[in-house]
Amino acid sequence: MVDFSVSSARLSVRPLVPADVPPIARMGRAPNLDYFAYAPGPREAGGRAATVGAAAALFRQGSELLNEYSLTYALRTWLKNNDQPISRAMDAKGHTVFVMQVTYSLAQGADTRAFMWRSAYFLESARSRAELEPTLARLVQGPWIGPTPPNRSISYVTVYLLGERISH
């Protein structure tokens with residue numbers, strides 16, 4: 001999972017947690033589809049495949065971790081570059097917390113996921129987190145139309161982050 005808990009000299013942001021958003025009425029449980037994951041074939045072939053698969057999975061996990069870190073680095077750089085404008089906007093209104101939106105692309109190809117930074121936006125600020133609850137509920141639960149991906153292997157992921165001022 002991408003680490004979106006970053007900070008700059010004056011601001012820090014973190015992903016929304018379930019306690020930040022008012023609860024939603026949920027539907028019942030879906031059927032368990034674990035039986036699709038059972039490995040077919042004789043035991044010996046399965047053992048050899050597991051050994052080769054473990055080596056490939058280790059390489060894939062390493063490359064995905066490096067690629068995921070690129071999103072964390074991009075967010076940290078964006079926050080550092082926009083620290084002063086955000087602080088000035090919050091100072092003008094006397095606000096201490098804010099909401100921002102981060103969008104990144106997720107490409108599923110060749111059994112390896114690739115994460116690509118797309119955009120980040122400062123959405124709204126408020127005096128306290130309680131004042132932001134209607135905005136958070138609208139963002140997370142409300143209707144949303146995102147950009148259309150260029151093909152079926154790329155999808156866009158939008159993450160909402162809750163930020164606060166560290167110091168004045």
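Quick note: numbers below take in every heavy atom, side chains included, and nothing from hydrogens, waters or symmetry partners. Along the sequence shown, the residues carry numbers beginning at 1.
Listed here is the closest heavy atom pair of L11 and I166: O-CD1, 3.5 Å. Residues T103 and T158 approach most closely at OG1-OG1, 3.7 Å, considering heavy atoms.
Separating the CE atom in M116 from the CD1 atom in I154 is a distance of 5.0 Å, to the nearest 0.5 Å. Rounding to the nearest 0.5 angstrom, the gap separating the CD atom in E68 from the OG atom in S63 is 10.0 Å. The line from CZ of R14 to OG of S7 is 13.5 Å long, rounded to the nearest 0.5 Å. In this structure, CD in E124 is found 9.5 Å from CD in E131, a value given to the nearest 0.5 Å. We find the OH-CG distance between Y156 and L106 to be 11.5 Å, quoted to the nearest 0.5 Å. To the nearest 0.5 Å, atom CG of residue L79 and atom CD1 of residue I86 are 6.0 Å apart.
For the pair T96 (side chain) and R127 (backbone), a donor-acceptor distance under 3.5 Å is present. A donor-acceptor pair under 3.5 Å links the side-chain atoms of S70 to the main chain of N67, judged by distance alone.
Hydrophobic clustering, with ILVMFWY side chains joined whenever heavy atoms are under 4.5 angstrom apart, groups V97 together with Y121. Both L132 and L123 belong to a single network of hydrophobic side chains, linked directly or stepwise wherever heavy atoms of I, L, V, M, F, W or Y lie under 4.5 Å apart.
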Full working for side-chain contact (heavy atoms from CB on, under 4.5 Å) between V13 and F98: CA-CA 9 Å; V13 296; F98 64 95; 3.6 Å; yes
Pair R10-Q84, side-chain contact (heavy atoms from CB on, under 4.5 Å): steps then yes or no: CA-CA 8 Å; R10 296 182 194 149; Q84 290 182 354; 3.5 Å; yes
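Looking at L75 and M100, their side chains come closer than 4.5 Å, going by heavy atoms from C-beta outward. Residues L162 and V99 form a side-chain contact, since some pair of their non-hydrogen atoms from C-beta on lies under 4.5 Å apart. Residues L71 and V102 fail the side-chain proximity criterion, which asks for heavy atoms closer than 4.5 Å. Considering only heavy atoms from C-beta on, V157 stays 4.5 Å or farther from F115 through its side chain. Put simply, the side chain of R165 does not reach to within 4.5 Å of the side chain of H95, judged on heavy atoms.
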